[in-house]
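This is a predicted model, so every value here is computed, not measured. Heads up: numbering here begins at 1 and tracks the sequence.
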Amino acid sequence: MKLLSCTANTPLAESIADYLDLPLTERRIERFSDNEVFIRINENVRGEDVYVIQSTSYPANDTLMELLICLDALKRASAQRITAVIPYYGYARQDRKTDGRTPISAKLVANLIVAAGADRVLTMDLHAGQIQGFFDVPTDNLIAAPVIEEDIRRRYKLKQLMIVSPDVGGVVRARALANRLGVDLAIVDKRRPKAGVSEVMNIIGDVKGRNCILVDDICDSGGTLRGAAQALKDEGATGVAAYVTHGVFSKNAVQNFETSALDEIVACDTIKPRDEDLKSEKLRILTVAPLLGEAIRRIANKESVSKLFD
Ligand code: R5P
């Protein structure tokens with residue numbers, strides 16, 4: 001078995017390698033002068049079970065190209081089985097036609113990954129569960145919920161707690177976490193008049209006097225969480241924190257949380273946090289490396305992955 005990392009999130013790949021007590025396979029990744037990606041695998045991988053770790057995070061097209069070219073290099077080097085480990089699957093939000101003459105890019109990118117050589121995919125908290133079916137190879141979609149649940153249990157008193165979905169699309173995810181914790185659920189009714197802009201319409205549930213925890217798959221510009229936190233405070237919530245699996249954090253999202261109603265934002269390390277974001281006292285990072293490492297170990301040993309979430 002071999003573990004290999006592209007460049008999007010080296011610290012996460014190193015932590016996974018530590019968990020598995022395996023070295024990362026030596027490779028060279030360079031750019032030609034016109035920014036073309038060049039990759040050479042510096043070790044023999046013939047007949048190996050190889051796991052390539054790469055989030056297709058910012059800059060999404062470059063990180064995706066690195067992954068595709070790495071898969072191609074491994075396929076041509078006669079790896080026996082190649083698993084694309086994609087902790088954050090960028091392009092997932094383009095999972096349907098939102099208008100006439102628009103693409104379904106989440107499907108196109110899945111096709112590219114399979115065509116490049118992935119025999120399996122291992123990912124986490126896909127924006128919508130059904131995207132799993134976009135990959136025409138076995139795909140495991142892990143959930144970060146056990147890691148988030150453990151952190152919440154360690155830090156909060158469950159009695160006054162309320163889990164809140166920041167939009168209707170996230171209700172299944174938020175309800176699953178509320179059930180694991182045995183606490184109530186509220187829902188924010190969010191409207192998106194245009195891409196990148198969100199407006200809170202209503203709050204479903206009585207949040208007065210409750211400590212609220214917003215749960216989402218992605219925080220991008222942070223507009224959704226800022227708007228939801230303010231609306232919850234306006235309705236009498238005593239405190240508002242947020243947990244997200246993927247901290248995309250575009251447009252100074254983290255810096256803008258400083259002046260928001262949000263007490264804390266906790267993100268998993270599926271995307272490598274930026275140094276300037278880590279300076280914020282409102283941001284805390286949880287690692288999912290042991291969860292991903294354990295899933296890789298189970299896939300390699302042909303053991304159940306779903307047992308991890310029982
Ligand atoms: C959308 O449905 C996602 O689950 C997130 O709520 C969204 O991507 C967050 O975007 P932003 O932080 O830009 O509001």
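- At distances below 3.5 Å, not a single donor-acceptor pair connects side-chain atoms of Y58 with backbone N or O atoms of A8.
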* Check the pair T56 / L67 against side-chain contact (heavy atoms from CB on, under 4.5 Å), numbers first and verdict last. => CA-CA 8 Å; T56 55; L67 173 63; 4.3 Å; yes
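- Salt-bridge check for D72 with R76: passed, with a basic side-chain N closer than 4.0 Å to an acidic carboxylate O.
- Side-chain contact between L24 and E14 is present, with heavy atoms from C-beta onward closer than 4.5 Å.
- One hydrophobic cluster, built from ILVMFWY side chains closer than 4.5 Å, holds both I69 and I113.
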* Which is it for L308 and R298 under the side-chain contact (heavy atoms from CB on, under 4.5 Å) test, yes or no, and what are the steps along the way? -> CA-CA 9 Å; L308 270 174; R298 283 167 180 258; 3.8 Å; yes
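- Heavy-atom minimum distance, F134 versus D95: CZ-O, 3.7 Å.
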* Asked: Please walk me through it: do Y51 and R81 pass side chain to side chain donor-acceptor pair (under 3.5 Å)?
  -> CA-CA 9 Å; Y51 296 80; R81 186 177 69 166; 3.0 Å; yes
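- Taking CG of L112 as the reference point, atom NZ of K107 lies at 10.0 Å (rounded to 0.5 Å).
- Remark: the backbone N or O of Y243 is not paired with any side-chain donor or acceptor of D216 at under 3.5 angstrom.
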* side-chain contact (heavy atoms from CB on, under 4.5 Å) between I296 and L20: does it pass, once the steps are laid out? -> CA-CA 9 Å; I296 291 173; L20 291 166; 3.8 Å; yes
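- With hydrogens and angles ignored, the 3.5 Å screen pairs no side-chain donor or acceptor of R173 with any backbone N or O of A145.
- Hydrophobic clustering, with ILVMFWY side chains joined whenever heavy atoms are under 4.5 angstrom apart, keeps Y156 apart from V244.
- M124 has its side chain within reach of L292: a pair of non-hydrogen atoms, C-beta onward, lies under 4.5 Å apart.
- Across A178 and D184, no two heavy atoms sit closer than the pair CB-O, 4.1 Å.
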* To do: Verify salt bridge (charged side-chain N to carboxylate O under 4.0 Å, His left out) between K282 and D263, making sure each step is shown before the conclusion.
  => CA-CA 7 Å; K282 286 205 176 182; D263 303 323; 5.7 Å; no
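- Distance alone, capped at 3.5 Å, places no donor-acceptor pair between the D269 side chain and the K272 backbone.
- Of all non-hydrogen atoms in I41 and C70, the two that sit nearest each other are CD1-SG, 4.3 Å.
- A salt bridge links R284 to E264: one of the charged nitrogens lies within less than 4.0 Å of a carboxylate oxygen.
- Between the CD atom of E30 and the CD atom of E36 there is a distance of 12.5 Å, given to the nearest 0.5 Å.
- In this structure, the side chains of F257 and L225 come closer than 4.5 Å at one or more pairs of heavy atoms.
- Using a 4.0 Å cut-off between charged side-chain N and carboxylate O, E26 and R40 make no salt bridge.
- Taking CZ of R155 as the reference point, atom CG of L161 lies at 13.5 Å (rounded to 0.5 Å).
- Only one option out of R192, K251, R93 pairs with D220 in a salt bridge (charged side-chain N to carboxylate O under 4.0 Å, His left out); it is R93.
- In this structure, the side chain of N256 engages the main chain of N252 through a donor-acceptor pair within 3.5 Å.
- Side-chain atoms of H246 never come within 3.5 Å of backbone atoms of G90 as a donor-acceptor pair (strictly under, hydrogens ignored).
- No side-chain heavy atom of I131 sits less than 4.5 Å from a side-chain heavy atom of T123.
- Hydrophobic side-chain contacts under 4.5 Å tie V248 into a cluster, directly or through other members, with Y88, I218, I271.
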* Starting from the C-alpha separation in whole Å, work towards a yes-or-no answer on side-chain contact (heavy atoms from CB on, under 4.5 Å) for D62 and R31. => CA-CA 10 Å; D62 283 3; R31 293 284 189 277; 4.0 Å; yes
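- Taking CZ of F38 as the reference point, atom CD of E66 lies at 13.0 Å (rounded to 0.5 Å).
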* Could you go step by step and tell me if T63 and Q54 meet the side chain to side chain donor-acceptor pair (under 3.5 Å) rule? -> CA-CA 7 Å; T63 51; Q54 175 80 328; 4.8 Å; no
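- A donor atom on one side chain and an acceptor atom on the other are found under 3.5 Å apart for D277 and Q255.
- Within a 6.0 Å sphere centred on CD of E276, other residues, nucleotides and ligands contribute more than 12 heavy atoms.
- No donor-acceptor pair under 3.5 Å is formed between the side chain of S105 and the backbone N or O of Y91.
- No chain of hydrophobic side-chain contacts below 4.5 Å, direct or via other Ile, Leu, Val, Met, Phe, Trp or Tyr residues, connects I143 to L214.
- Residues E235 and I203 approach most closely at CG-CD1, 3.6 Å, considering heavy atoms.
- At least one side-chain heavy atom of L181 sits under 4.5 Å from a side-chain heavy atom of L158.
- The environment of CG in N35 is crowded: more than 12 heavy-atom neighbours from other residues, nucleotides or ligands sit within 6.0 Å.
- For the 3.5 Å distance criterion, the side chains of Q230 and S260 fail to qualify, holding no donor opposite an acceptor.
- Electrostatic pairing of E294 and R297 counts as a salt bridge here, judged by a charged N lying under 4.0 Å from a carboxylate O.
- Side-chain atoms of S55 do not come within 3.5 Å of backbone N or O of S57 as any donor-acceptor pair.
- Taking the side chain as every heavy atom from C-beta outward, T224 and K190 approach each other to under 4.5 Å.
- The existence of a salt bridge linking E303 and K307 is excluded, since no basic side-chain nitrogen approaches an acidic carboxylate oxygen closer than 4.0 Å.
- Taking both residues in full, the closest heavy atoms of Q80 and D119 are given as O-OD2, 4.1 Å, listed atom of the first, atom of the second, then distance.
- Other residues, nucleotides and ligands place no more than 12 heavy atoms under 6.0 Å from the CG atom of D275.
- Other residues, nucleotides and ligands contribute only 12 or fewer heavy atoms inside 6.0 Å of the CZ atom of R96.
- In K97, the NZ atom is crowded: over 12 heavy atoms of neighbouring residues, nucleotides or ligands sit closer than 6.0 Å.
- Salt-bridge check for K2 with D49: failed, with every basic side-chain N at 4.0 Å or more from each acidic carboxylate O.
- Within the 4.5 Å cutoff, the side chain of R27 has heavy atoms near those of the L4 side chain.
- Using a cut-off of 4.0 Å between Lys/Arg side-chain N and Asp/Glu carboxylate O, E48 and R46 are scored as not salt-bridged.
- Between D125 and the options T245, T270, V288, a side chain to side chain contact (heavy atoms under 4.5 Å, CB included) holds for only T245.
- With hydrophobic clusters built from ILVMFWY side chains whose heavy atoms lie under 4.5 angstrom apart, V52 shares a cluster with I29.
- Taken from CD1 in I53 to OG in S15, the straight-line distance is 9.5 Å, to the nearest 0.5 Å.
- To the nearest 0.5 Å, the span separating CE on M1 from CD1 on I299 amounts to 9.0 Å.
- Under the 4.5 Å side-chain heavy-atom criterion for Ile, Leu, Val, Met, Phe, Trp and Tyr, I82 and M65 are members of the same hydrophobic cluster.
- Counting only heavy atoms from C-beta outward, the side chains of Q94 and I104 never approach each other to under 4.5 Å.
- Without hydrogens or angle criteria, S221 side chain to G223 main chain gives a donor-acceptor distance under 3.5 Å.
- The minimum heavy-atom distance between L177 and I148, with the atom names listed, is CD2-CG2, 3.9 Å.
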